[in-house]
Amino acid sequence: MGRSRWKLKSSRSVSLDTSLPSAAAESPDTNAAIDSSVALIMEQIKSKDLPETMYKPLEHFVNEYLTASTKGAMQKESHNSQVADMATDKATDKATDKATDKSHFASSLNTAINNIGTCLTLGSKYGMGPDKFKFGVSHKAIREPFDYYDFGVNFFKLAVDMDNSVFLGEENMNKAKAQLANGENVVFLANHQSEADPQVVSILLESAGFSSMAADMTFLAGHKVTTDALAIPFSMGRNLLCIHSKKHIDAEPDKKDAKQKQNLLTMGAMLEMLKGGGQSLWVAPSGGRDRRDVSTGSIPISPFDPKTIDMFRLMARKSKVPTHFYPMSMVSYELCPPPDSVEAGAGELRNIKRSGVGIHVGEETKNEGGLEARHLFTDNAQRVCDENYRRMREKMFGKE
């Protein structure tokens, strides 16, 4: 299988040799190769000065990612094996297919190990300790000397089933692109399903030919993605406006005043951005991720907060630059399923599953609803987002 080497930085640097034992590398059971890789990585993690309470969550994260990232190769191997079995007179072709499948799996696993190594290295250095990265009220993606943007996109892309992913609303995205080129602003009002949503946006926009729009987009980010050790390296690669969600602002009463002050500063930074024109923003008006309905298993969109949308419309008017609002429906829950309940603190258990993802950019939301009926704007944006979301899920997963 070869070697993947990375360094986990804590109190000292460690080089991890992830060469698999020959028995595991040659085993037809690909799960054995994954298990061996997880064991080797955990052996090195446990040699560090980390609290034991981190071991199980990290082992879960590593196992989830390696499994999700190689599942496509395993499915391809199974399919090719079945096809080869139907052509028993082509023994040479069958052997060649199996060798190709094995090579594809080994390559995927090797890439996944390197990605995990980079993630843990960056997370241990910039997510904790004296070098912990501090985000201001706004943040520009760090693209050099290390490209944190590409790192995050490539990390999650390995686990995305691109064959079963969809991007819809290309004509609306082209309209938004033209408006941005004309110096106007665009705000995408999206439902929010996973921590990987910024990377999902990039993966799908890049696949549809909107790479620069994906890289230039600014995301409204809650406190978790700027304080959690594993999330920080991914956030370092995005353009962010950092804010405290209404869902969590009361979680620490003694810090509420400071959180509110930061939110005001963030709104000021956003207004200055909008005044400059040509800005695209992604915001989840619900204030958090969509959660599974444990009684039905369905994944409904969380309600949009009218006050949040009112605030964005107010900032748009104050900027005196034409600003356009588009509903963006996101399907990414299956890729990184969040906990069923809302947790205020950082450090949640990370789940990663190989899955298709989807985006549907709806038509621009009409500027309707005066002072007394401003809820109509929010209602319309939510309705379109929800309708497109349901149609997209049906297209991807069938009737649920």
Side-chain angles (χ1 to χ4, degrees), residues 111 115 118-119 122 126 133 135-160 162 165-190 192-222 225-226 231-243 266 269-270 272-284 321 323-332 335-336 357-361:
T111 301
N115 285 351
T118 301
C119 175
L122 297 174
Y126 297 114
F133 189 84
F135 291 85
V137 295
S138 63
H139 171 76
K140 295 296 291 183
I142 300 173
R143 304 296 304 264
E144 56 183 24
F146 180 80
D147 195 328
Y148 289 85
Y149 175 88
D150 279 351
F151 155 69
V153 173
N154 293 333
F155 184 93
F156 284 106
K157 190 172 185 178
L158 197 62
V160 170
M162 293 300 295
S165 296
V166 299
F167 176 77
L168 303 173
E170 185 173 351
E171 66 283 0
N172 296 320
M173 203 65 184
N174 276 318
K175 289 178 183 177
K177 181 179 180 180
Q179 289 161 344
L180 290 167
N182 197 40
E184 300 170 6
N185 299 314
V186 171
V187 178
F188 295 102
L189 303 172
H192 181 22
Q193 295 215 313
S194 79
E195 283 187 312
D197 279 350
Q199 287 74 32
V200 168
V201 168
S202 292
I203 290 167
L204 292 180
L205 290 192
E206 287 177 2
S207 72
F210 298 101
S211 297
S212 61
M213 287 184 71
D216 293 341
M217 195 176 294
T218 297
F219 291 78
L220 269 287
V225 297
T226 58
I232 283 175
F234 297 96
S235 298
M236 291 167 70
R238 310 305 306 199
N239 299 321
L240 302 177
L241 285 167
C242 305
I243 199 166
T266 299
M270 182 176 73
E272 290 305 309
M273 285 178 57
L274 294 176
K275 285 180 178 179
Q279 299 293 325
S280 65
L281 304 179
W282 184 101
V283 60
V321 174
T323 301
H324 308 271
F325 293 83
Y326 289 84
M328 179 185 282
S329 307
M330 303 278 304
V331 172
S332 61
L335 179 65
C336 298
V357 292
I359 287 177
H360 189 149
V361 181

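Numbering of residues begins at 1 and proceeds along the displayed sequence.
- Pairing each heavy atom of Ser194 with each of Cys336, the nearest pair is CB-O, 3.5 Å.
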Inset, instruction - Starting from the C-alpha separation in whole Å, work towards a yes-or-no answer on side-chain contact (heavy atoms from CB on, under 4.5 Å) for Asp150 and Arg143. - result: CA-CA 8 Å; Asp150 279 351; Arg143 304 296 304 264; 3.6 Å; yes
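- Separation of the Trp282 and Phe188 ring centroids does not fall under the 6.0 Å cut-off.
- Scanning all heavy atoms of the two residues, the minimum distance from Gly277 to Val321 falls at CA-CG1, 4.1 Å.
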Inset, instruction - Decide side-chain contact (heavy atoms from CB on, under 4.5 Å) for Phe146 and Leu122; before the verdict, give the C-alpha distance in whole Å, the side-chain angles of both, and the deciding distance to 0.1 Å. - result: CA-CA 11 Å; Phe146 180 80; Leu122 297 174; 3.7 Å; yes
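- Between the CE atom in Met213 and the OG atom in Ser202 there is a gap of 11.5 Å [rounded to 0.5 Å].
- Nearest heavy-atom pair across Val153 and Gln199 is N-CG, 3.9 Å.
- A 4.5 Å side-chain heavy-atom check between Thr218 and Met270 finds every atom pair outside the cut-off.
- Nearest heavy atoms, Ala208 versus Phe167: CB-CD2, 3.5 Å.
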Inset, instruction - Begin with the C-alpha distance, continue with both residues' side-chain angles, and end with the deciding distance and a verdict on side-chain contact (heavy atoms from CB on, under 4.5 Å) for Leu241 and Ser138. - result: CA-CA 4 Å; Leu241 285 167; Ser138 63; 3.9 Å; yes
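- Not a single side chain to side chain donor-acceptor pair (under 3.5 Å) links Ser329 to another residue, sequence neighbours left out.
- Using a 4.5 Å heavy-atom threshold, the side chains of Phe210 and Glu170 count as touching.
- Residue Val357 is tested with Val166, Asp197, Val200 for a side chain to side chain contact (heavy atoms under 4.5 Å, CB included); the sole match is Val200.
- Just one of Leu204, Leu335, Ile359 meets the side chain to side chain contact (heavy atoms under 4.5 Å, CB included) condition when paired with Ser165; it is Leu204.
- Here the side chain of Ser280 pairs no donor or acceptor atom with the backbone of Val186 at under 3.5 angstrom.
- Between Asn185 and the options Gln179, Lys275, Gln279, His324, a side chain to side chain contact (heavy atoms under 4.5 Å, CB included) holds for only Gln279.
- Nearest heavy atom pair, residue Cys242 against residue Thr266, reads O-OG1, 2.5 Å.
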Inset, instruction - Carefully, step by step, assess Leu281 and Met273 under the rule side-chain contact (heavy atoms from CB on, under 4.5 Å). - result: CA-CA 10 Å; Leu281 304 179; Met273 285 178 57; 3.9 Å; yes
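- Across all their heavy atoms, Gln193 and Val331 have their closest contact at OE1-CA, 3.5 Å.
- In this structure Asn115 satisfies the side chain to side chain donor-acceptor pair (under 3.5 Å) test together with Tyr65, sequence neighbours excluded.
- Residues meeting the ring pair (Phe, Tyr, Trp, His ring centres under 6.0 Å) test with His139, sequence neighbours left out: Phe133, Phe135.
- Using modelled atom types, one side-chain atom of Arg238 and one backbone atom of Pro198 make a donor-acceptor pair closer than 3.5 Å.
- Ring geometry for Phe155 against Phe234 counts as perpendicular: the plane angle is over 60°, on a 0 to 90° scale with 30° as the lower cut.
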